[in-house]
Protein chains: 2
Amino acid sequence: MTKRGGDDEKAFLSSYRPKDYARPAVAVDLVVLTILDAKLRVLLIKRQDHPFKGAWALPGGFVRVAEGQKEQGEDLDAAASRELAEETGLTADRVFLEQLYTFGRAGRDPRMRVISVAHYALVRPDLAPLVRAGGDAAHAEWVLAEGLHKLELAFDHRDIVEKALERIRGKLEYSNIAFDLVPTTFTIPELRSVHAIVLGKEMDPGNFRRRFNRMLEDGVLEKAPGKRITTSKPATVYRFRPGRAA
Amino acid sequence: MTKRGGDDEKAFLSSYRPKDYARPAVAVDLVVLTILDAKLRVLLIKRQDHPFKGAWALPGGFVRVAEGQKEQGEDLDAAASRELAEETGLTADRVFLEQLYTFGRAGRDPRMRVISVAHYALVRPDLAPLVRAGGDAAHAEWVLAEGLHKLELAFDHRDIVEKALERIRGKLEYSNIAFDLVPTTFTIPELRSVHAIVLGKEMDPGNFRRRFNRMLEDGVLEKAPGKRITTSKPATVYRFRPGRAA
DNA sequence: TAAATAGTGTCTATGAGACATTATGTA
DNA sequence: TACATAATGTCTCATAGACACTATTTA
């Protein structure tokens with residue numbers, strides 16, 4: 001077995017020339033989700049140019065690639081974070097961001113072969129209003145997820161959104177992503193409403209509370225100061241423990 | 001809103017010239033899994049060339065891309081099926097094949113920027129011996145999954161295999177993928193051993209049988225003719241109903 | 001008939017679902 | 001004090017886990 005990084009391999013690499021095969025363009029597209037006014041919403045951009053001029057599209061852009069062997073450009077998740085920052089002003093450390101699926105059907109972009117590594121992001125509602133429509137993101141809007149079928153979406157972006165919604169609905173049951181769709185402090189009823197909004201059905205208050213209390217006992221959550229302004233009994237406010245589990 | 005495919009857009013497309021940005025090469029890599037001799041195994045290929053000469057690598061290859069607007073090459077899943085057929089002789093209709101995750105870290109291939117859309121495949125053990133080491137797959141071998149940490153794997157292929165193992169362990173619990181790791185007819189103890197092998201822990205025979213019987217009642221499975229040659233009481237043989245649920 | 005494995009039954013703990021009831025803060 | 005909603009409690013049912021026991025086929 002030849003040792004990795006040996007002289008032999010170094011020689012090979014320095015004389016290596018990539019063959020002149022056709023390459024696809026590779027993009028990252030982002031399904032940025034939030035809950036605003038008790039509705040699940042997707043950040044979409046109205047296209048100003050062809051193709052699909054006037055249709056809604058996901059924010060995204062091409063992955064930066066360099067031709068060198070040492071310098072090869074940015075990682076995929078770096079590209080996703082960068083696009084998120086560029087198009088929303090939100091830094092990735094404040095937002096849940098995860099790779100979703102890669103869409104590469106031939107012909108999905110009429111201009112040329114484009115393979116899109118789709119990601120999805122969850123923006124807490126207290127950050128959502130901060131999204132500044134800057135750069136490419138002029139004409140960005142939080143569009144109702146439930147109203148998407150009426151809209152014209154560019155490329156295969158409808159499939160991508162659908163996949164993202166499937167993913168979060170599935171993950172909501174067994175993971176902690178609900179906490180990324182709620183302000184940093186939250187009440188049990190607020191969290192319960194996230195489930196209701198995403199899954200489209202009400203959870204039983206008592207049963208939901210029971211699950212929640214198990215998490216409390218496990219130390220994932222803790223009480224937080226402050227209270228909500230209500231017209232009746234205000235609910236207890238909670239937050240995450242500093243070093244929480246994902 | 002401009003109508004999709006209007007004259008305006010046609011004119012745009014015919015005059016469209018892709019900008020001369022650097023593009024990555026895009027590959028599909030395959031984690032082909034089977035169970036042989038009661039062990040989970042991965043199909044690996046010993047690399048004959050630099051880089052990573054002599055190390056084990058996943059089968060895979062570049063996605064075929066065309067430069068045209070109408071003709072853009074093959075779909076990602078088509079590329080995965082094609083690679084599977086080329087490197088194993090197995091046609092995709094006999095094998096469970098699914099996209100896994102996309103690996104695109106800069107520098108993961110020392111030659112140039114390569115983004116790999118990883119897939120995983122489950123081969124039923126009765127098909128596994130048919131894998132013919134043809135084409136690129138000369139020097140292909142069914143390597144023990146549990147012994148992988150001792151081996152030198154090329155590129156980031158260890159991460160890819162790890163991701164595939166995580167995925168099937170997770171899916172084993174809530175999906176029917178176990179049936180793709182067992183011959184077309186099978187007994188309850190055989191199916192139970194798949195769980196034991198993949199998850200690394202024995203399931204209780206009685207409890208497993210209970211779950212299995214629920215599937216029987218749901219009509220997903222049915223009794224099949226034939227019996228196993230054993231030294232004691234042979235188990236009942238089952239198979240899928242023709243139009244089974246995934 | 002003995003050995004080995006298939007197959008059945010049972011007890012308990014846990015969690016989900018449905019729903020009734022009590023507690024508490026606000027107007 | 002009335003109202004609204006938070007918070008608690010209870011009953012039932014489905015399922016997982018642990019484990020004892022019976023049945024059947026082969027050598």
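Lettering follows sequence order; numbering is per chain, from 1. Values below: all heavy atoms of this structure, side chains included; hydrogens, waters and symmetry mates excluded.
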Within residues 184-195 of chain A, those residues having any heavy atom closer than 4.0 Å to DNA chain D are A/Pro189
B/Glu86 bridged to B/Arg82 by N-O distance under 4.0 Å:
yes
Value for CG (A/Leu221) from CZ (A/Arg214), rounded to nearest 0.5 Å, stands at 13.0 Å
Of all heavy-atom pairs linking A/Pro125 and A/Ile35, the shortest is CB-O, 3.2 Å
Only one of A/Val32, A/Leu33, A/Val31 passes side chain to side chain contact (heavy atoms under 4.5 Å, CB included) with A/Leu43, and that residue is A/Val32
Exercise for the section: Would you tell me whether B/Tyr120 and B/Glu98 have side-chain atoms, one donor and one acceptor, within less than 3.5 Å of each other? Expected result: yes
Between CG of B/Leu216 and P of C/dT8 the distance, given in whole Å, is 10 Å
In short, B/Asp204 meets B/Asn207 closest at the heavy-atom pair OD1-N, 2.9 Å
The contact string for nucleotides 17-27 of chain C, one letter per nucleotide 5' to 3', using protein heavy atoms under 4.0 Å with B, S and - for base, sugar-phosphate only and none, comes out as BBB----BBSS
Item to check | Lys/Arg-Asp/Glu bridge criterion (N-O < 4.0 Å) met for A/Arg41, A/Glu141 | outcome: no
Rounded to whole Å, the CE-P distance (B/Met215 to D/dT15) equals 13 Å
Are A/Phe96 and A/Phe179 an aromatic pair, judged by ring center distance below 6.0 Å? no
In whole angstroms, the gap separating P of C/dT14 from CD of A/Glu217 amounts to 12 Å
Note to self: Please determine whether a side-chain nitrogen of the Lys or Arg among A/Arg105 and B/Asp75 lies less than 4.0 Å from a carboxylate oxygen of the Asp or Glu.
What the structure shows: no
The helix from C/dT1-D/dA27 to C/dA27-D/dT1: angle between terminal helix axes, five bp per end, to the nearest 10 degrees, reads 0°
Taken to the nearest whole Å, CZ/A/Phe212 to P/D/dG9 is 17 Å
task = May I ask you to decide if the ring planes of B/Tyr238 and B/Phe212 are parallel, tilted or perpendicular, using 30° and 60° as cut-offs?
result = perpendicular
From CZ of A/Arg209 across to P of C/dA16 the rounded distance in Å is 16 Å
The reported gap from CD1 in B/Ile188 to CG in B/Asn213 (rounded to nearest 0.5 angstrom) is 5.5 Å
B/Phe208 atom CZ is separated from C/dT5 atom P, nearest whole Å, by 18 Å
